[in-house]
Amino acid sequence: DTAVSQTPKYLVTQMGNDKSIKCEQNLGHDTMYWYKQDSKKFLKIMFSYNNKELIINETVPNRFSPKSPDKAHLNLHINSLELGDSAVYFCASSQVGKVMNTEAFFGQGTRLTVV
Amino acid sequence: GNSVTQMEGPVTLSEEAFLTINCTYTATGYPSLFWYVQYPGEGLQLLLKATKADDKGSNKGFEATYRKETTSFHLEKGSVQVSDSAVYFCALSEGYGGATNKLIFGTGTLLAVQP
């Protein structure tokens with residue numbers, strides 16, 4: 001039973017298109033994230049939601065719009081795709097408390113290729 | 001701001017060799033520290049963690065000790081196997097008042113173990 005699942009796993013699209021990536025977690029966590037991994041494997045946070053509320057927006061272009069319909073889902077919509085958006089996008093979730101040691105569980109990633 | 005620096009790879013070892021991957025951090029306060037592993041084509045998995053100074057995290061033969069005096073969290077394994085070939089990420093957790101945690105990652109170190 002997959003804990004954090006995201007779809008699709010691969011996405012190839014043309015510049016200028018709009019695409020969405022979906023993420024669902026069945027761990028009962030209250031916090032979800034989107035991370036971006038570039039071609040050099042560097043990982044950086046994009047967004048974080050807690051109980052459907054946006055907490056972190058890490059200076060991501062407005063073309064990226066996350067949406068959290070409920071605390072188990074966090075989708076990522078990208079408008080007007082650019083070549084530089086090509087990357088692997090990881091969804092993650094965690095149960096955040098007062099102690100900063102909570103493990104984040106990651107999905108398998110979505111490899112987005114913009115041509 | 002907070003940051004993580006880890007040794008550049010690739011690290012190439014023969015099976016049963018000793019492994020060390022260096023990781024140092026810069027942070028205000030006392031963050032939790034993590035090692036994540038990414039096997040080829042997969043998402044990130046937590047390998048081990050430590051939440052306070054002098055804590056030792058361990059899992060699958062890997063160990064790392066939270067050293068506050070040297071701000072380090074080096075990953076070690078006494079005898080690597082071919083199946084350990086992966087990218088290893090050191091990370092620290094930055095909290096947002098209990099609403100969410102942000103993982104700040106190092107650049108990742110590719111480990112290749114040869115038979």
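A, B, ... follow the sequence lines: proteins, then strands. Residue 1 opens every chain.
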Checklist entry - Is chain B contacted by the side chain of A:Leu43, its backbone, both, or neither, given a heavy-atom distance below 4.5 Å? => result both
Checklist entry - Judged by modelled atom types alone, do A:Ser20 and A:Asn75 share a side-chain donor-acceptor pair under 3.5 Å? => result no
Checklist entry - Mind checking whether B:Phe105 and B:Phe89 have parallel, tilted or perpendicular rings, split at 30° and 60°? => result perpendicular
Checklist entry - Ring centroid separation for A:Phe64 and A:His77, is it under 6.0 angstrom? => result no
Item to check | Region of A:Tyr35 that comes under 4.5 Å of a non-hydrogen atom in chain B | outcome: side chain
Next on the checklist: Let's go through B:Tyr88 and B:Leu47 carefully: what are the C-alpha distance in whole Å and the side-chain angles of both, what is the deciding distance for side-chain contact (heavy atoms from CB on, under 4.5 Å) to 0.1 Å, and is it a yes or a no?
Outcome noted: CA-CA 9 Å; B:Tyr88 292 81; B:Leu47 182 60; 3.9 Å; yes
Item to check | Polar side chain donor-acceptor pair, A:Asp30 to A:Gln95, under 3.5 angstrom | outcome: yes
Checklist entry - For B:Ser79 and B:Glu16, does a side-chain donor sit closer than 3.5 Å to a side-chain acceptor? => result no
Checklist outcome for this item: Under 4.5 Å to a heavy atom of chain B? For A:Lys9 that would be side chain
Item to check | Contact origin within A:Glu53 toward chain B - heavy atom pairs under 4.5 Å | outcome: neither
Next on the checklist: Between A:Gln6 and chain B, with a heavy-atom cut-off of 4.5 Å, which part of the residue counts as in contact: side chain, backbone, both or neither?
Outcome noted: neither
Checklist entry - Is it the backbone or the side chain of A:Ser94 that comes under 4.5 Å from a heavy atom of chain B, or both, or neither? => result neither
Item to check | Residue part contacting chain A, namely of B:Gln38, when any heavy atom lies under 4.5 Å | outcome: side chain
